[in-house]
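Comments concern the structure below.
Each chain gets a letter, A, B and so on, in the order the sequences are listed, and its residues count up from 1.
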Amino acid sequence: MADEKKLTTRAEDFSAWYNEVVLRAELADYSPVRGCMVIRPNGYGIWERMQRALDDMFKATGHQNAYFPLFIPESFLQKEKDHVEGFAPQLAVVTHGGGKKLDEPLIVRPTSETIIYSMFAKWIQSHRDLPMLVNQWCNVVRWEMRTRLFLRTLEFLWQEGHTAHATHDEAEEEARQMLGIYRDFQEGWMAMPVVTGLKTDSEKFAGALRTYGLEAMMQDNKALQAGTSHNLGQNFAKAFDVKFQSESGASEYVWSTSWGVSTRMIGGLVMTHGDDNGMRIPPLLAPIELVIVPIYKTEEERSQMLEAGKRLVTSLHEWERRRPGQLRVHLDARDGVKPGAKYYEWELKGIPLRLELGPRDLAKNQCVLVRRDSREKKPASLDTIGEDVSEALIRMQEDMLIEARERREANSVREPISYDKFRQLMDGKGGFVYAGWCGSAECETAVKEDTKATIRVLPDEEFRSADAPTHCLKCGKTASAEALWAKAY
RNA sequence: CGGGACGUAGCGCAGUCCGGUAGCGCACCUGAAUGGGGUUCAGGGGGUCGCGGGUUCAAAUCCCGCCGUCCCGACCA
């Protein structure tokens with residue numbers, strides 16, 4: 001660990017604070033390869049929890065996992081014009097194999113639409129083969145110019161769902177459904193509130209008809225795109241000749257969707273919930289929910305506390321067996337590390353609950369329970385500890401979402417705002433601004449040049465203001481939509 | 001690719017201006033005491049000073065070239 005005891009406050013420099021937390025909480029590390037990231041066991045444990053929760057949601061909505069190749073023939077990408085144009089600048093290309101120059105270069109997948117549709121073309125013949133609902137967990141490579149741990153690395157882990165449907169409306173419904181599932185996950189599991197909505201053309205996925213996105217607000221008031229869901233229309237179906245015979249016997253192109261979320265969400269978790277003591281992990285995603293720290297002086301006390309600690313672990317497991325899942329509890333039995341040092345370490349790593357157990361407690365058949373989010377300490381009886389732990393974890397999960405939502409609302413502007421005021425705001429503390437947009441790409445670009453802010457989404461109905469804005473933020477002409485403007489990662 | 005800063009032990013840095021035996025803090029190892037919010041003491045290991053060339057009796061230090069990292073732009077989940 002670095003020598004500084006305290007983390008840099010994020011008020012001074014949020015980026016430096018973020019890097020410190022990610023490195024010191026042992027979520028990730030820099031790799032010998034520029035722009036690539038090593039995800040350490042602590043960070044990967046969170047990713048595994050995310051994967052499991054999402055995978056269950058995908059399965060519950062009829063999706064199945066599959067796996068497609070890492071390498072994509074260059075010609076595949078060129079079949080969809082917008083797609084290749086969108087991704088060309090950030091492709092990693094393999095030109096040699098087996099010591100020889102390849103006849104056709106292979107692209108390391110930046111996303112798998114092309115290779116998957118080439119297979120869909122073989123697999124789909126009849127309307128009875130539809131809908132085809134697949135998902136894959138994999139890594140992808142995008143050669144970014146500037147990288148940042150979790151948020152933008154050359155290689156990252158993600159999940160990409162790909163579906164094919166008989167009609168436009170079914171595909172649209174699927175794209176919307178998956179957006180809803182992402183929202184449920186991000187709010188319910190990550191305690192990270194999001195605004196959902198439609199992306200404008202400038203931020204649309206290369207080759208999509210429509211792109212929907214989820215935007216979360218980080219603690220520096222910048223937006224983080226937390227996931228996307230695309231209605232691809234028939235663009236890829238036409239490029240890869242994915243056709244089916246309909247009930248009426250006609251040959252038709254399928255309508256498809258794709259959607260994904262990545263390890264970027266771990267970065268979002270840090271920037272949503274972290275504080276000056278390090279990481280705070282919402283209980284549902286914490287690899288360890290409760291850590292027991294024994295306190296002792298003598299060797300005799302030490303063995304007593306460890307014994308009591310082990311009994312506690314067992315009784316907590318038994319308690320949880322009456323409920324779904326099993327409590328993820330760790331007894332920190334390390335000798336030679338003082339309790340105080342252990343407290344700081346587990347707080348830095350964001351473990352939701354700490355249970356302190358010492359001779360004085362044991363004599364009174366109690367312990368001290370400490371919540372990571374509020375650092376609130378309170379004594380708890382060992383007889384009812386299971387209930388207290390469950391209760392605290394549930395409350396903490398709820399409180400973290402409430403806290404994040406309140407912070408977001410406090411930094412959102414819904415009142416009409418002049419362009420000058422808007423520029424000042426974006427130049428200063430930033431935030432989410434809900435304001436009108438005339439629908440022209442020119443205004444969007446001009447605002448980006450002036451302020452670095454962009455339209456994150458055209459928010460879905462429930463996020464729109466009670467009084468719809470009437471004029472465009474930039475040009476003042478009649479607004480065709482309400483837009484969420486913000487600076488973004 | 002443009003503008004700026006930096007590269008010395010695992011991490012963070014001093015030393016560079018003004019050339020003369022490679023330093024500090026943390027981490028690590030050993031031992032003892034300590035233990036309810038980041039323990040203390042003692043001892044110890046660890047370095048081609050980013051790489052290459054030049055100047056010099058002598059280079060971490062001066063000169064030239066290259067490489068790399070970070071920050072600010074262009075690119076982006």
Side-chain angles (χ1 to χ4, degrees), chain A residues 1-8 13 15-16 19-20 23-24 26 29-35 85-91 110-111 139-160 182 199 202-206 211-216 223-230 258-268 277-278 293-302 305 332 334-348 354-364 366-368 370 375 377 379 448-449 452 454 456 488-489:
Chain A
M1 198 187 290
D3 60 327
E4 312 99 288
K5 304 283 186 191
K6 288 282 177 188
L7 290 163
T8 323
D13 188 347
S15 295
N19 280 321
E20 278 290 307
L23 293 173
R24 287 174 56 187
E26 299 182 352
D29 203 349
Y30 296 107
S31 81
V33 183
R34 185 197 77 87
E85 276 177 17
F87 280 104
Q90 26 178 176
L91 297 178
T111 178
N139 57 341
V140 288
V141 169
R142 296 180 188 180
W143 215 265
E144 304 290 351
M145 289 169 183
R146 279 178 69 187
T147 59
R148 201 139 135 62
L149 291 174
F150 286 118
L151 299 187
R152 189 169 299 105
T153 45
L154 296 196
E155 179 192 5
F156 58 95
L157 303 183
W158 78 347
Q159 148 283 308
E160 48 178 327
Y182 286 154
K199 288 280 180 185
S202 68
E203 299 243 334
K204 196 175 70 175
F205 177 75
T211 290
Y212 297 101
L214 303 100
E215 297 287 327
L224 182 75
Q225 181 170 307
T228 48
S229 181
H230 318 288
S258 68
W259 26 275
V261 290
S262 72
T263 39
R264 169 180 258 203
M265 290 192 296
I266 297 173
N277 297 301
V293 179
I295 295 152
Y296 48 82
K297 289 195 177 83
T298 63
E299 194 54 38
E300 190 193 348
E301 280 176 348
R302 174 167 188 258
M305 289 316 126
D332 188 348
R334 286 175 301 171
D335 198 15
V337 183
K338 291 181 72 170
K342 291 180 179 176
Y343 299 166
Y344 277 93
E345 186 179 325
W346 293 113
E347 282 176 3
L348 176 63
R354 178 174 78 238
L355 191 158
E356 304 173 3
L357 184 67
R360 293 208 297 267
D361 297 311
L362 208 53
K364 289 187 279 185
Q366 66 172 39
C367 62
V368 177
V370 189
R375 297 177 97 202
K377 280 189 181 192
K448 187 175 183 181
E449 279 168 10
K452 292 184 196 161
T454 50
R456 301 317 307 153
Y489 275 99

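In this structure, the CG atom of A/D332 is 13 Å from the C1' atom of B/G35, given to the nearest Å. Between the CZ atom of A/R24 and the P atom of B/A27 there is a distance of 12 Å, rounded to whole Å. Atom CZ in A/R354 sits roughly 12 Å away from atom C1' in B/G38 (whole-Å rounding). One can place CE of A/M145 at 16 Å from C1' of B/A77, the figure rounded to the nearest angstrom. Here B/G12 presents its P atom at 9 Å from CG of A/L23, a figure rounded to the nearest Å. Between the CD atom of A/E356 and the P atom of B/G37 there is a distance of 8 Å, given to the nearest Å. Protein atom CD1 of A/I295 is 8 Å distant from nucleotide atom P of B/G37, rounded to whole Å. Note: NZ (A/K338) to C1' (B/G38) measures 9 Å, nearest angstrom.
The aromatic ring of A/Y344 stacks onto the base of B/G38, its centre lying under 5.5 Å from the centre of the six-membered base ring with the two planes under 30° apart.
Across all strands, A/R302 comes closer than 4.0 Å to no nucleic acid atom at all (heavy-atom distances). Within the 4.0 angstrom heavy-atom criterion, base atoms lie near A/E144. Across all strands, A/S262 comes closer than 4.0 Å to base atoms (heavy-atom distances). Backbone-only contact: A/Q90 has heavy atoms under 4.0 Å from sugar-phosphate atoms and none from a base. At the heavy-atom level, A/L151 lies under 4.0 Å from base atoms of the strands shown. If you check every strand for non-hydrogen atoms under 4.0 Å, A/F156 touches a base. Using a 4.0 Å heavy-atom cutoff across all strands shown, A/R148 reaches no nucleic acid atom at all. Using a 4.0 Å heavy-atom cutoff across all strands shown, A/G336 reaches at least one base atom of the nucleic acid. Within the nucleic acid shown, A/P339 comes within 4.0 Å of sugar-phosphate atoms alone, with no base atom in reach, counting heavy atoms only. In this structure, A/V261 reaches neither bases nor backbone, as no heavy-atom distance under 4.0 Å exists between it and the strands shown. Looking at heavy-atom distances under 4.0 Å, A/T153 makes contact with a base.
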Give the intermediate values and the outcome of salt bridge (charged side-chain N to carboxylate O under 4.0 Å, His left out) for residues A/R302 and A/E299. CA-CA 5 Å; A/R302 174 167 188 258; A/E299 194 54 38; 3.6 Å; yes
Please evaluate residues A/R264 and A/R148 with respect to the criterion side-chain contact (heavy atoms from CB on, under 4.5 Å), reporting the C-alpha separation (whole Å), side-chain torsions for both, the decisive distance (0.1 Å), and the verdict. CA-CA 10 Å; A/R264 169 180 258 203; A/R148 201 139 135 62; over 6 Å; no
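Using N1 to N3 plus N6-O4 or O6-N4 for Watson-Crick, or N1-O2 and O6-N3 for G-U wobble, each under 3.5 Å, B/G73 pairs with B/C1. In this structure, B/C28 and B/G44 make a Watson-Crick or G-U wobble pair, each of the two defining distances being under 3.5 angstrom. In this entry B/A14 has no Watson-Crick or G-U wobble partner, no candidate having both defining distances under 3.5 Å. Base pairing annotation: B/C6 forms a Watson-Crick or G-U wobble pair with B/G68, both donor-acceptor distances under 3.5 Å. With a cut-off of 3.5 Å on both pairing distances, the Watson-Crick or G-U wobble partner of B/C62 is B/G54.
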Between the protein and nucleotides 28-32 of chain B, list the N/O to N/O atom pairs that are separated by less than 3.5 angstrom.
none

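Between the P atoms of B/C51 and B/A9, the separation comes to 11 Å (whole Å).
Phosphate contact (OP1/OP2 of B/G36, side-chain N/O of A/K297, threshold under 4.0 Å): absent. Side-chain nitrogen and oxygen atoms of A/K452 include at least one within less than 4.0 Å of the OP1 or OP2 phosphate oxygen of B/G73.
For A/L23, the side chain to side chain contact (heavy atoms under 4.5 Å, CB included) partners at least two apart in sequence or on another chain are A/D29, A/Y30, A/L149. Partners of A/T147 according to the side chain to side chain contact (heavy atoms under 4.5 Å, CB included) rule, which considers only residues two or more places apart in sequence or in another chain, are A/E144, A/L154. A search for ring pair (Phe, Tyr, Trp, His ring centres under 6.0 Å) contacts involving A/F156 returns A/W158, not counting sequence neighbours. For A/W143, there are no ring pair (Phe, Tyr, Trp, His ring centres under 6.0 Å) partners at least two apart in sequence or on another chain. A/R360 pairs by the side chain to side chain contact (heavy atoms under 4.5 Å, CB included) definition with nothing, not counting sequence neighbours.
In the interface, the side chain of A/E347 is paired with the base of B/G37 through a donor and an acceptor atom under 3.5 Å apart. One can find a donor-acceptor pair under 3.5 Å joining the base of B/G37 and the side-chain atoms of A/K377. For B/G35, its base sits under 3.5 Å from the side chain of A/D335 at one donor and acceptor pair at least.
Side-chain polar atoms of A/Y296 and A/D335 form a donor-acceptor pair below 3.5 angstrom.
The side chain of A/Y296 approaches B/G35 more closely than any other nucleotide in the set B/G35, B/U39, B/A77.
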